[in-house]
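Working notes, structure below.
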Amino acid sequence: MLPRGLLKEYAGPLSYMLRALDVAAVVGSALLAYTYKFGDLQLPIPYRNALIIAGIFTFFIFSFFRIYESVRTKNFWVHILTLLKALGLVFTLLMGLAFLTKTGEDFSRIWFVYWVAIALVLLTLFRASLLISLRIMRANRWNERRVIVIGVSELSNRLVDSIQQALWTGFRIMAVFDDTGDHGAKTIGGLPVLPMPKDIGGYLKSQKESIDEIWLAMPLSAESRVKKLLHELRHQIVTIRMVLDVFGFGLLKSSVTDLAGFPALNLSDSPMVGLNRLIKAVEDRVLAAIILILISPLFLLIALGVKLSSKGPIYFKQLRHGWDGRIIKVYKFRTMVLHDEAAGQVTQARANDRRITPFGKFLRKTSLDELPQFINVLQGRMSIVGPRPHAVSHNEFYKDSIKAYMQRHKVKPGITGWAQVNGWRGETETLDKMEKRVEYDLYYIEHWSLSFDLKIILLTFFQGFINKNAY
């Protein structure tokens, strides 16, 4: 059995060893690809330079993505996806550098494809093996961290239950202390609730199994209690964590940030910041440009059909709320006959709506009327994936009726979305239907990732175009 705390003791050297292995894997993949393509290892100077640059990129970009931080509390697939994002950025920068320096013709494209494929496989297998090994070690208590929880509340209930259901994190809760004596709870997660020791320092010293961490699971109003505990623990060499009780706030993308040296809790934030914003912008522009080129013949046929089916313009333009609540103009193929409505009023289409033309009914049923919104994506007003934009008048009505309704605008509106591929599209004639749509929209914002976007796009192709709720 491994000595307890072995990995923690050598965390620094192990981190640098992992960096070296990742660089070696990327460079080694290039060598394997070259051998497979050309049958030898007599690399010309341009190839040698490319390998050196790739190694430097890997070292710094992988560190930038925080791949070498502790994965004790991180999801397995999130870590693997982060690795793939970092590797993708390395190869994207290499391609960009070759383009800018006009050296792309010096390299075999087939060799580069082999290199990318081998690197993806090698690094994924290596990292997956490492993470699985760590999970096995922690589940068998070989590299565990022993924890005491102080505080009895709904927060501590959730915390203890979550840890006990995720033994692979390596955390083992040794005791739960009630520092007030007011709650009367006897157990939490099967663990007995104990009265707070009068001398917490003495208690820690008396334990046969040393305590690594103390988690304070207290409400935000318990500032004086927290200060008292910190004073009592000032001589103890243990990690102390404050678990914030913010579950009742209905937060969106909550996180901790640094404000000029002061820790701050983000109560409501957008995922589209920093690198995420760049990834999303590139994803939208590239895919929108490709799709518009591919559908251009269909685009022209639909435009002709709209023009011949009824009098009026080809496009229907409507003002809707975009990112951060700003007003944007959204394009659609016109599906209704020209009609007048009261100022500021927008009547949703309904079943057997007489305003809809026969050709328009086909477009709406198949979602082909949404195709001009790819132009909105190229303009930067919309995304391919995101919450559907609603008419301004609808926003004014629902924002006071549905909690966190306006949080949908923390990202750009989309042509398709998580709500749409789950069946929540079309008319929202009841408040319950709009609440479900908003629920799915907020879930998308909370869990946004590039892979989630690609999943929604694929689901849209298979089930999102034709829907019984669209009319």
Side-chain angles (χ1 to χ4, degrees), residues 61 64-67 74-93 116 120 124 252-253 255 269-295 320-324 328 330-331 367-368 370-390 407-425 436-467:
I61 291 173
F64 177 79
F65 275 82
R66 299 181 176 180
I67 288 174
K74 293 182 181 178
N75 179 276
F76 176 87
W77 294 111
V78 169
H79 184 79
I80 295 296
L81 179 60
T82 303
L83 175 74
L84 297 181
K85 286 180 181 178
L87 188 62
L89 183 57
V90 169
F91 285 117
T92 300
L93 289 177
V116 173
L120 284 172
T124 301
L252 185 68
K253 294 301 293 181
S255 61
D269 199 7
S270 170
M272 297 308 154
V273 294
L275 187 62
N276 285 351
R277 184 171 181 174
L278 176 62
I279 291 172
K280 183 74 166 173
V282 172
E283 170 200 342
D284 284 334
R285 300 314 200 283
V286 171
L287 290 179
I290 293 172
I291 291 172
L292 280 172
I293 292 171
L294 293 176
I295 67 171
R320 302 191 176 189
H321 278 115
W323 196 2
D324 290 335
I328 61 172
V330 174
Y331 304 141
S367 299
L368 292 174
E370 311 284 357
L371 293 183
Q373 287 166 31
F374 285 105
I375 299 174
N376 288 133
V377 175
L378 283 180
Q379 292 172 330
R381 299 176 184 173
M382 292 180 62
S383 288
I384 293 178
V385 180
R388 286 293 298 151
H390 296 159
Q407 300 301 313
R408 302 171 70 254
H409 303 298
K410 290 289 184 182
V411 298
K412 289 181 183 179
I415 298 175
T416 185
W418 186 233
Q420 283 64 49
V421 297
N422 281 280
W424 299 101
R425 58 168 297 190
K436 290 301 294 184
R437 180 183 290 186
V438 172
E439 177 185 329
Y440 278 85
D441 288 340
L442 297 183
Y443 179 91
Y444 166 77
I445 296 173
E446 183 72 26
H447 298 86
W448 178 85
S449 67
L450 178 60
S451 60
F452 196 13
D453 271 2
L454 296 177
K455 174 182 178 179
I456 293 172
I457 291 171
L458 287 175
L459 287 173
T460 300
F461 277 109
F462 288 109
Q463 66 189 56
F465 284 119
I466 299 177
N467 189 282

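The chain is numbered in sequence order, starting from 1.
Considering every non-hydrogen atom in both L442 and R408, the closest pair reads CD2-N, 4.0 Å. Considering every non-hydrogen atom in both E370 and I415, the closest pair reads CB-CG2, 4.3 Å. Contact detail for S449 and K85: the closest heavy-atom pair is CB-NZ, 4.4 Å. Closest approach of L450 and E283 over heavy atoms only: CD1-OE1, 3.4 Å. Closest heavy-atom contact between L378 and A289: CD2-N, 4.0 Å. Closest of all the heavy-atom pairs between P372 and L368 is CD-O, 4.4 Å.
Aromatic ring pairs are classed by plane angle as parallel below 30°, tilted from 30° to 60° and perpendicular above 60°; the pair Y443 and W418 is parallel.
Here the straight-line distance linking atom CZ of F374 with atom CD1 of I293 works out to 12.5 Å at 0.5 Å rounding. The distance from the CG atom of L459 to the OG1 atom of T416 is 8.5 Å, given to the nearest 0.5 Å. In this structure, CG on L89 lies 4.0 Å from CD1 on I61, to the nearest 0.5 angstrom. Put simply, NZ on K436 and CG on D441 are 12.0 Å apart, with the number rounded to the nearest 0.5 Å. Annotation: the span from L454 atom CG to L287 atom CG amounts to 7.5 Å, rounded to 0.5 Å.
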Step by step, would you call H390 with R437 a side-chain contact (heavy atoms from CB on, under 4.5 Å)?
CA-CA 11 Å; H390 296 159; R437 180 183 290 186; 3.0 Å; yes
Evaluate the side-chain contact (heavy atoms from CB on, under 4.5 Å) criterion for residues W448 and N276: first the C-alpha distance (whole Å), next the side-chain angles of each, then the deciding distance (0.1 Å), finally the verdict.
CA-CA 9 Å; W448 178 85; N276 285 351; 3.5 Å; yes
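Put simply, the residue from R388, Q379, R381 that forms a side-chain hydrogen bond (donor to acceptor under 3.5 Å, both in side chains) with Q373 is R388.
The local environment of CZ in R277 is sparse, with at most 12 non-hydrogen atoms from other residues, nucleotides or ligands closer than 6.0 Å.
Side-chain contact between I328 and N376: absent, with no pair of heavy atoms (C-beta onward) separated by less than 4.5 Å. Proximity of V411 to S383: side-chain heavy atoms (C-beta onward) are nowhere separated by under 4.5 Å. Side chains of K280 and D453 form a contact here, defined as non-hydrogen atoms less than 4.5 Å apart.
For W323 (side chain) and P413 (main-chain N/O), no donor-acceptor pair under 3.5 Å exists by modelled atom type.
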